[in-house]
There are 2 protein chains.
Amino acid sequence: MRTRRKPELQVVGASPRATATNQRRRQSEILDAAAKIFAERGYYGASTQDIADVLGIRQASLYYYFPSKEIALELVCMKGVEGFFEAAAEVAAKKITAAEKVHGLVEAHLAPLLDRADYVKTFLNERQYLPPASRKKVGKLSRAYENVIEKVIAEGVESGEFRKGLDPRLMTLALLGMCKSVSAWIGKDDPYQVPMVAEQYARILLKGIGKTRR
Amino acid sequence: MRTRRKPELQVVGASPRATATNQRRRQSEILDAAAKIFAERGYYGASTQDIADVLGIRQASLYYYFPSKEIALELVCMKGVEGFFEAAAEVAAKKITAAEKVHGLVEAHLAPLLDRADYVKTFLNERQYLPPASRKKVGKLSRAYENVIEKVIAEGVESGEFRKGLDPRLMTLALLGMCKSVSAWIGKDDPYQVPMVAEQYARILLKGIGKTRR
DNA sequence: GCCGGATTCTATAGATCAATAGATAGATCG
DNA sequence: CGATCTATCTATTGATCTATAGAATCCGGC
């Protein structure tokens with residue numbers, strides 16, 4: 001038996017002629033719900049019914065806004081990855097030491113966890129389930145981002161600011177690994193706040209990267 | 001339409017009276033296949049048909065060996081987590097410096113990726129999908145393991161070997177995060193070998209933990 | 001008060017999947 | 001040889017899930 005839904009008085013945009021805006025707002029609400037559920041249960045563990053439940057609408061109504069579950073995943077992943085490259089590139093372009101850049105990169109990587117954690121988590125954990133075409137698209141952005149980080153580290157090694165013989169790729173993977181895992185526990189039982197974690201993680205990384213002080 | 005399977009001449013244990021052993025061997029083959037598929041596609045992304053295909057048997061035949069997909073996941077996860085606590089405890093009990101212990105902990109954490117990567121990956125990524133009872137069981141082992149690490153770090157901080165004011169819990173999460181991510185790319189396109197990664201990662205961590213040298 | 005577009009609903013098709021029931025082939029044993 | 005046991009198979013059920021089709025409702029504007 002189905003539970004019938006309350007009329008749920010429609011809070012429609014006050015201003016008239018804002019239909020296009022309203023539609024975009026609603027689409028973004030739908031995506032928020034999808035991101036939340038995907039992040040929580042994984043792509044295959046999440047049903048479209050689960051997403052509809054978050055919104056208090058019927059499962060089929062979702063298809064007015066997106067054509068398939070896979071497309072929804074793609075949109076969520078894209079929104080989860082977007083901005084990472086730009087933010088990193090901005091940090092990398094600054095006229096600061098490589099160490100300060102690494103600090104900035106960690107901060108920039110963790111910052112999105114504050115305002116769109118579900119999107120980022122879904123991108124990090126579920127992008128593997130994208131259909132090939134989307135996966136390539138997302139993977140491209142992702143690799144470009146990683147390359148920015150790798151370059152910063154490589155330059156730090158070349159300039160002698162970081163320890164000689166350090167493998168920039170491996171170091172990048174270490175940074176990404178540390179940061180990725182944060183999304184798994186931040187906001188859970190642990191009382192840690194994003195800026196503090198960024199501070200500490202950058203410190204851990206840097207004192208390991210930097211040459212031993214004399 | 002089904003593709004009919006070849007008779008596939010039965011390679012049964014040569015020695016008689018080895019039925020119990022054979023059964024155990026077969027069960028472990030089934031689990032290997034399950035671990036492989038779970039690690040590859042995730043629990044919900046993997047069908048029992050996929051597992052059967054690896055073995056060249058019918059989907060229903062799996063149920064001769066395990067009672068449900070969930071139980072299979074539990075067995076895989078248990079095998080994926082087992083030994084971690086013991087190996088870590090052994091390292092922690094040694095009469096060596098805290099730095100050497102951290103090094104040993106990283107090595108011990110990554111070592112299982114050599115001989116049972118699929119089990120470890122499944123434990124790391126899919127344990128969230130276990131039914132509550134199993135999840136608690138696995139989580140208990142997991143937490144005990146993490147506590148060993150945390151204690152080693154805390155002792156290093158107390159003894160003054162590591163930087164003062166360091167948060168042992170956060171440091172543990174950093175170590176685990178770095179190490180967890182290794183399972184995602186080791187053996188893929190990257191040419192890195194486990195012992196070398198362990199060496200480098202321990203180094204990164206330690207030079208960050210250790211007090212600045214004078 | 002009615003029109004028309006926007007949004008959500010009901011109902012259902014079609015596919016997939018885990019799990020069960022019962023049959024069977026081959027090995028083992030008395 | 002005949003009985004039993006083991007491992008697998010065939011066949012199917014029932015649940016779940018994505019996606020589609022078309023009806024119903026809401027709401028601003030006329």
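Reminder, nothing fancy here: chain letters follow the sequence lines and each chain counts from 1. These numbers come from a predicted model, not from an experiment.
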Who are the salt bridge (Lys or Arg N to Asp or Glu O under 4.0 Å) partners of B:Glu155, not counting sequence neighbours? none
So, taking the atom named OH in A:Tyr201 and the one named CG in A:Leu175, what distance separates them when rounded to the nearest 0.5 Å? 11.0 Å
Do B:Phe84 and B:Leu141 have side-chain heavy atoms sitting under 4.5 Å apart? no
Distance alone, cut at 3.5 Å: any donor-acceptor contact between the side chains of A:Ser142 and A:Arg127? yes
Length of the CG-P vector between B:Asp53 and D:dC9, whole Å: 11 Å
Starting at atom CG of B:Leu55, determine the distance to atom C1' of D:dT8, rounded to an integer number of angstrom. 12 Å
When the distance from CZ of A:Arg58 to P of D:dT18 is rounded to whole Å, what number comes out? 16 Å
Side-chain donor-acceptor distances from residues 69-77 of chain A under 3.5 Å, at least two apart:
| from | atom 1 | to | atom 2 | distance (Å) |
| --- | --- | --- | --- | --- |
| A:Lys69 | NZ | A:Tyr43 | O | 2.9 |
| A:Lys69 | NZ | A:Ala46 | O | 2.6 |
| A:Glu74 | OE1 | A:Ser134 | OG | 2.5 |
| A:Glu74 | OE2 | A:Lys137 | NZ | 2.8 |

Looking only at side-chain atoms of B:Ile57, point me to the closest of C:dT7, D:dC9, C:dC9. D:dC9
What is the distance from CG of A:Leu73 to P of D:dT18, rounded to the nearest Å? 12 Å
Using only side-chain N and O atoms of A:Ser61, determine if any of them is under 4.0 Å from OP1 or OP2 of C:dC9. yes
Under 4.0 Å between a side-chain nitrogen and a carboxylate oxygen: does that hold for B:Lys94 and B:Glu100? no
Are the side chains of B:Arg203 and B:His103 in touch, meaning some heavy atoms are under 4.5 Å apart? no
Distance, rounded to the nearest Å, where A:Leu62 contributes CG and C:dA6 contributes P: 19 Å
In Å, rounded to the nearest 0.5 Å, how long is the span from CD of A:Glu150 to CG of A:Leu173? 8.0 Å
Members of residues 27-41 of chain B that approach DNA chain C, where some heavy atom sits under 4.0 Å away: none
Rounded to the nearest Å, what distance is computed from the OH atom of residue A:Tyr64 to the P atom of nucleotide C:dT7? 4 Å
What residues form a salt bridge (Lys or Arg N to Asp or Glu O under 4.0 Å) with B:Lys36, not counting sequence neighbours? B:Glu40
Sub-3.5 Å pairs of nitrogen or oxygen atoms, protein against nucleotides 18-24 of chain C:
| from | atom 1 | to | atom 2 | distance (Å) |
| --- | --- | --- | --- | --- |
| C:dA18 | OP1 | B:Ala46 | O | 3.4 |
| C:dA18 | OP1 | B:Thr48 | N | 3.4 |
| C:dA18 | OP1 | B:Lys69 | NZ | 3.0 |
| C:dA18 | OP2 | B:Thr48 | N | 2.8 |
| C:dA18 | OP2 | B:Thr48 | OG1 | 2.7 |
| C:dA19 | OP2 | B:Tyr63 | OH | 2.6 |
| C:dA19 | OP2 | B:Lys69 | N | 2.8 |
| C:dA19 | N7 | B:Gln59 | NE2 | 2.9 |
| C:dA19 | N6 | B:Gln59 | OE1 | 3.1 |

If we only count heavy atoms from C-beta on, is the B:Arg58 to B:Ser61 side-chain gap below 4.5 Å? yes
Estimate the overall bend of the helix from C:dG1-D:dC30 to C:dG30-D:dC1 from the end axes over five pairs each, rounded to 10 degrees. 20°
Can a side chain N or O of A:Arg26 be found less than 4.0 Å away from OP1 or OP2 on C:dA6? no
Assess the residue pair B:Glu82 and B:Lys79 against the criterion (salt bridge (Lys or Arg N to Asp or Glu O under 4.0 Å)); give the C-alpha distance rounded to whole Å, side-chain angles, the decisive distance to 0.1 Å, and a yes or no. CA-CA 5 Å; B:Glu82 87 185 6; B:Lys79 199 164 161 185; over 6 Å; no
